[in-house]
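All values derive from a computational prediction rather than experimental measurement.
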Amino acid sequence: MKAPRPAPGGAGNPRDAVVTGLGFCLPGGAEPVFTAAQVWDIASRGRSVLDRHDSHYGSVHLSAGQFEERLPDLPEFFSRHYTNAHRYGLVSLVEACADAELDLAAGDLCEAAVLVGRGSVDANVDSYLTLLGIDPDSATTLDALELFVAAEQAVSPSDVAVVQGALTRTVGPCFTVSCGCASAAVQIGNARRLIAAGETDLAVVTGVDVFNVGVIQKGERLLRGAQRAYDAMDAAGMPDLLPSFDSLMRPYDRRADCVNHGEGSATVIMESREHAARRGAHLYGQVLATAMTRDGLANPLAADHTGAQLTRAVRLCLGDRWRIGQVPYINGASDGGAAVTAMEANTIRELYGPDATVLMSSQEGCFGHHGSPAGCLGLALTLMMMEFGEVCPTANCEQPADGLPFDPVPGTRPRPLHFDHALSFNYQIGGVKHAMLLGGPDTI
């Protein structure tokens with residue numbers, strides 16, 4: 001898939017944060033997808049790979065053999081206690097390193113920053129409850145040791161960072177950020193700052209989340225049972241679309257009426273331009289700027305439909321160096337929810353004015369609304385779109401909603417567009433509104 005694109009000699013700043021590797025462990029139907037080429041094959045055609053049994057959900061279906069093939073030498077004493085979050089995060093990291101031509105065994109990541117974004121704690125619950133329910137006095141010495149290892153690896157959101165740090169044997173920064181669906185995007189911003197400040201030359205950023213389908217479905221039933229009381233409340237700013245599996249999610253479509261969830265992991269390798277040039281790395285592009293804000297509302301589940309703080313985040317991101325007119329494409333984060341679509345639409349109106357011709361598409365419908373991986377996946381897809389000169393369609397959008405101030409690229413075919421600047425959006429309900437400005441390898 002990758003055409004040779006070496007780091008350009010003398011172009012840009014040596015401390016630019018460039019992207020040199022992409023790796024995944026995402027739903028692909030019967031089999032997971034691991035590589036940039038596989039992800040592009042799905043997203044560029046607007047395909048949905050959500051399971052369609054009793055519900056719509058993006059399941060990874062990673063087999064033990066697929067995991068062991070990629071990580072054959074892990075100490076079994078630790079690996080037998082891995083949750084799916086551990087497995088997905090490790091696989092996407094290994095795939096990203098292979099894509100970037102970095103050798104883990106040779107110690108290429110021993111000084112890397114290993115940054116993880118986590119939104120859901122569903123993968124941690126079983127380990128937590130097991131530890132909570134054990135009687136220490138009745139446990140054998142061996143059982144106590146096994147439970148201790150399982151708990152230390154899996155009862156906190158730092159779970160994946162712990163095992164990734166051990167795999168890379170890094171002595172560099174290694175930490176987790178948890179702010180919902182914006183988590184990995186925030187970590188991309190942290191990686192950029194660490195590289196710009198000279199604190200590291202290499203950063204591995206992973207977004208990984210796993211959801212308990214039973215918990216989501218139970219929560220949905222509870223919410224629907226409480227709908228009458230909910231409607232009677234002063235619910236200004238409350239979400240007006242509850243999570244659902246009843247039909248297929250359709251961002252920006254006039255029939256949008258639900259959100260489908262998914263699971264998985266996405267990893268990006270970021271380096272200083274200088275470091276990438278020294279080893280002749282392929283450059284996908286660069287992270288030019290990031291910014292985050294919050295709506296400032298007292299309601300912890302609220303979102304401001306006006307998009308005022310998302311607009312502010314974009315303007316902070318652009319600063320005095322770039323103009324919004326230089327950005328013909330935005331990778332949106334709509335999950336099919338009316339509140340998110342309204343926020344994005346109002347942001348576009350404010351930024352571009354009434355005669356906007358900008359394209360904005362979302363690939364959430366391909367793999368499901370999967371939380372933290374969205375930040376890394378949005379970056380990866382946007383840079384691939386720049387590289388190929390094509391904009392991926394909005395998955396499952398066939399009949400665009402009336403009044404959208406942007407072209408959502410409906411259908412199942414990519415739209416030709418050659419561009420050097422793009423924005424990528426990510427959000428946390430009640431929390432962070434994140435904007436990321438991306439550029440091609442030579443963008444100054």
Q: Phe406 vs Tyr252, test: ring pair (Phe, Tyr, Trp, His ring centres under 6.0 Å). Steps then yes/no.
A: CA-CA 10 Å; Phe406 56 86; Tyr252 310 137; 5.0 Å; yes
Q: Around atom OH of Tyr128, are there more than 12 heavy atoms of other residues, nucleotides or ligands at under 6.0 Å?
A: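 Atom OH in Tyr128 is not crowded, with 12 or fewer foreign heavy atoms closer than 6.0 Å.
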Q: So His261 and Phe211, would you call those rings parallel, tilted or perpendicular, with 30° and 60° as cut-offs?
A: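 His261 and Phe211: perpendicular rings.
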Q: Pick one: which of Val18, Leu283, Asp16, Thr20 meets side chain to side chain contact (heavy atoms under 4.5 Å, CB included) with Pro441?
A: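 Of the listed options, the one satisfying the test is Leu283.
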Q: Around atom CD of Glu111, are there more than 12 heavy atoms from other residues, nucleotides or ligands closer than 6.0 Å?
A: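 Counting neighbours around CD of Glu111, 12 or fewer heavy atoms of other residues, nucleotides or ligands fall under 6.0 Å, so no.
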Q: Using 0.5 Å steps for rounding, measure from the CG atom of Asp442 to the CZ atom of Arg273.
A: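 Reported to 0.5 Å precision, the distance equals 7.0 Å.
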Q: Output yes when Arg193 and Glu199 qualify as a salt bridge under the 4.0 Å nitrogen-oxygen rule, no when they do not.
A: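 Judged by the 4.0 Å cut-off on N to carboxylate O distance, Arg193 and Glu199 do not form a salt bridge.
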Q: Strictly under 6.0 Å, is that where the ring centroids of Phe419 and Tyr329 end up?
A: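 When the ring centroids of Phe419 and Tyr329 are compared, they turn out to be within the sub-6.0 Å range.
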Q: When rounded to the nearest 0.5 angstrom, what distance separates OG1 in Thr168 from CG in Leu102?
A: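 Reported to 0.5 Å precision, the distance equals 11.5 Å.
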Q: Scan for side chain to side chain donor-acceptor pair (under 3.5 Å) pairs involving residues 173-187, sequence neighbours excluded, and state none if there are none.
A: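 The answer is Gln187-Asn190.
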Q: Scan for salt bridge (charged side-chain N to carboxylate O under 4.0 Å, His left out) pairs involving residues 400-427, sequence neighbours excluded, and state none if there are none.
A: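 Sorted result for residues 400-427: Arg254-Asp402, Asp407-Arg415.
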Q: Does any non-hydrogen side-chain atom of Asp304 lie less than 4.5 Å from one of Leu297?
A: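 Side-chain contact under 4.5 Å: yes.
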Q: Are any of the side-chain heavy atoms of Thr341 and Pro251 separated by less than 4.5 Å?
A: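 A side-chain contact under 4.5 Å is absent here.
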Q: One pair to check against side-chain contact (heavy atoms from CB on, under 4.5 Å): Asn426 and Ser424. What are the steps and the verdict?
A: CA-CA 7 Å; Asn426 291 101; Ser424 183; 4.3 Å; yes
Q: Is there a donor-acceptor pair under 3.5 Å between the side chain of Ser272 and the backbone N or O of His275?
A: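 The answer is yes, because a donor-acceptor pair under 3.5 Å joins these two groups.
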Q: Is the closest side-chain donor-acceptor distance between His370 and Glu263 under 3.5 Å?
A: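 No.
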Q: Indicate every side-chain donor-acceptor pair of residues 428-439 with a distance under 3.5 Å to a residue at least two apart or in another chain.
A:
from, atom 1, to, atom 2, distance (Å)
Gln428, OE1, Val432, N, 3.3
Lys433, NZ, Asp295, OD2, 3.3
Lys433, NZ, Gln428, O, 3.4
Lys433, NZ, Gly431, O, 3.0
His434, NE2, Ala185, O, 3.3

Q: Does the distance from a Lys or Arg side-chain N to an Asp or Glu carboxylate O, for Arg118 and Asp159, drop under 4.0 Å?
A: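 Yes, charged N to carboxylate O under 4.0 Å.
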Q: Mind checking whether Trp40 and Phe388 have parallel, tilted or perpendicular rings, split at 30° and 60°?
A: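 Tilted: the ring planes of Trp40 and Phe388 meet at 30° to 60°.
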Q: Ignoring hydrogens and angles, tell me if any N or O in the side chain of Asn331 forms a donor-acceptor pair with the backbone of Thr382 under 3.5 Å.
A: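 No, Asn331 side chain to Thr382 backbone: no donor-acceptor pair under 3.5 Å.
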Q: Would you call Arg15-Asp201 a salt bridge at under 4.0 Å N-O?
A: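 Answer for the salt bridge query: yes.
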Q: Less than 6.0 angstrom separating the ring centers of His282 and Tyr284, yes or no?
A: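 That pair passes the under 6.0 Å test.
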Q: If I take atom CD1 from residue Ile42 and atom CG from residue Leu26, how far apart are they, to the nearest 0.5 angstrom?
A: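 With rounding to 0.5 Å, CD1 (Ile42) is 8.0 Å from CG (Leu26).
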Q: Are side-chain N/O atoms of Thr206 and Thr267 paired as donor and acceptor at under 3.5 Å?
A: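 Yes, a side-chain donor-acceptor pair sits under 3.5 Å.
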Q: Contact between Val210 and Asp122 at the side-chain level, heavy atoms closer than 4.5 Å - yes or no?
A: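 In short, these two side chains do not touch, never coming nearer than 4.5 Å.
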Q: Could you give the distance from CG (Leu377) to OG (Ser92), rounded to the nearest 0.5 Å?
A: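 Those atoms lie 11.0 Å apart.
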